[in-house]
Amino acid sequence: MSDLNYSDKVMDHFNHPRNVGEIPDASGIGNVGNPICGDVMRMYIKVENDVIVDAKFKTFGCGAAIATSSMVTEMVKGKTIEEALRVSNKAVAEALGGLPQVKMHCSVLGEQALRSALADYYRKNGRDPSSFEPKHDEHQGHGH
Ligand code: FES
């Protein structure tokens with residue numbers, strides 16, 4: 001092991017990320033970005049009867065962001081939307097065995113990507129996501 005402050009679990013999810021990819025018929029897609037580091041994350045969820053049956057992601061970002069999104073998708077699969085909304089970035093970081101303090105913002109990106117995908121699902125189903133939708137959501141089709 002090198003002397004980095006990363007747990008084995010972070011390294012494992014970074015080197016072997018789970019659920020990378022897209023869901024072609026996703027129920028909801030979330031796009032978020034961190035304007036400071038420039039990393040972006042896209043999360044796809046498949047929802048059936050308010051249960052997240054599948055989750056995939058694509059992250060163009062740092063190792064901690066990749067490990068976090070991998071862990072988020074693992075944690076929310078099989079959860080109801082209500083349960084998934086209780087998965088905080090801190091819970092994800094804990095599940096990863098902790099993140100260095102300077103990398104906590106990367107786990108926030110994971111939480112926001114999930115919430116953004118859930119908000120997309122809500123909107124598609126005529127429900128109001130304003131109680132949990134991330135404020136810094138990078139909306140789809142946001143062109144440069
Ligand atoms: Fe940007 Fe980690 S440095 S998400």
Side-chain angles (χ1 to χ4, degrees), residues 5-144:
N5 272 331
Y6 289 112
S7 71
D8 290 350
K9 270 201 181 139
V10 172
M11 292 312 292
D12 179 33
H13 278 264
F14 169 60
N15 288 317
H16 311 282
R18 313 333 184 239
N19 312 309
V20 173
E22 310 179 5
I23 300 176
D25 57 342
S27 316
I29 302 174
N31 287 300
V32 290
N34 181 314
I36 297 171
C37 63
D39 291 349
V40 291
M41 199 180 279
R42 178 172 293 181
M43 197 166 287
Y44 301 79
I45 52 170
K46 180 95 186 135
V47 182
E48 278 167 19
N49 301 320
D50 268 8
V51 172
I52 299 174
V53 293
D54 200 7
K56 289 197 189 300
F57 77 94
K58 280 189 166 172
T59 293
F60 303 93
C62 73
I66 291 168
T68 307
S69 24
S70 169
M71 184 53 100
V72 169
T73 53
E74 283 287 276
M75 285 173 82
V76 300
K77 267 201 262 180
K79 282 197 163 62
T80 64
I81 290 176
E82 218 171 286
E83 288 165 346
L85 284 170
R86 287 199 291 266
V87 175
S88 66
N89 77 298
K90 285 205 182 85
V92 177
E94 262 164 39
L96 283 168
L99 279 174
Q101 197 53 41
V102 293
K103 285 288 173 184
M104 281 307 283
H105 78 271
C106 317
S107 66
V108 173
L109 210 55
E111 179 189 300
Q112 289 191 335
L114 171 68
R115 286 171 177 243
S116 170
L118 285 169
D120 185 41
Y121 167 71
Y122 261 43
R123 218 172 275 114
K124 283 187 174 130
N125 288 277
R127 288 153 77 174
D128 176 16
S130 54
S131 60
F132 62 83
E133 189 170 22
K135 288 174 196 71
H136 305 293
D137 190 14
E138 291 259 332
H139 288 286
Q140 289 174 57
H142 176 85
H144 286 277

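Numbering of residues begins at 1 and proceeds along the displayed sequence.
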From [atom1] ([X]) to [atom2] ([Y]), nearest 0.5 Å:
X	Y	atom1	atom2	answer
M71	K9	CE	NZ	5.5 Å
Y44	N31	OH	CG	7.5 Å
C106	N34	SG	CG	7.5 Å
H105	Q112	NE2	CD	11.0 Å

Minimum heavy-atom separation for [X] and [Y], please, with both atom names.
X	Y	result
D128	Y122	O-CD2, 3.6 Å
S116	V32	CB-CG1, 4.0 Å
R115	P134	CB-CD, 3.7 Å
M43	A117	O-CB, 3.7 Å
K103	A64	CD-CB, 3.8 Å
A55	I45	CB-CG2, 4.2 Å

ask   = Is N125 reaching over with its side chain to a backbone N or O of R127, donor-acceptor style, under 3.5 angstrom?
value = no
ask   = Would you say K79's side chain and I52's backbone share a donor-acceptor pair under 3.5 angstrom?
value = no
inquiry  = Would you say that more than 12 heavy atoms from the other residues, nucleotides or ligands in this model lie under 6.0 Å from the CG of D25, or not?
reply    = yes
Under 3.5 Å, which donor-acceptor pairs do the side chains of residues 84-100 form with other protein atoms, sequence neighbours left out?
from	atom 1	to	atom 2	distance (Å)
S88	OG	K90	N	3.4
S88	OG	A91	N	3.1
N89	ND2	S107	OG	3.0

inquiry  = Is there a side chain to side chain contact (heavy atoms under 4.5 Å, CB included) between D12 and R18? Walk through the geometry before answering.
reply    = CA-CA 10 Å; D12 179 33; R18 313 333 184 239; 2.8 Å; yes
key: Of all pairs that satisfy side-chain hydrogen bond (donor to acceptor under 3.5 Å, both in side chains), the ones with a partner from residues 51-68, not counting sequence neighbours   =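 For residues 51-68: E22-K58, T59-S69.
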query = Do the two ring centres, one from F14 and one from Y6, sit under 6.0 Å apart?
reply = no
Do [X] and [Y] have side chains that approach each other closer than 4.5 Å (heavy atoms only, starting at C-beta)?
X	Y	value
E74	N19	yes
L118	F132	yes
Y121	D50	yes

query = Which residues pass the ring-ring contact (aromatic ring centres under 6.0 Å, His included) test with F60, sequence neighbours left out?
reply = none
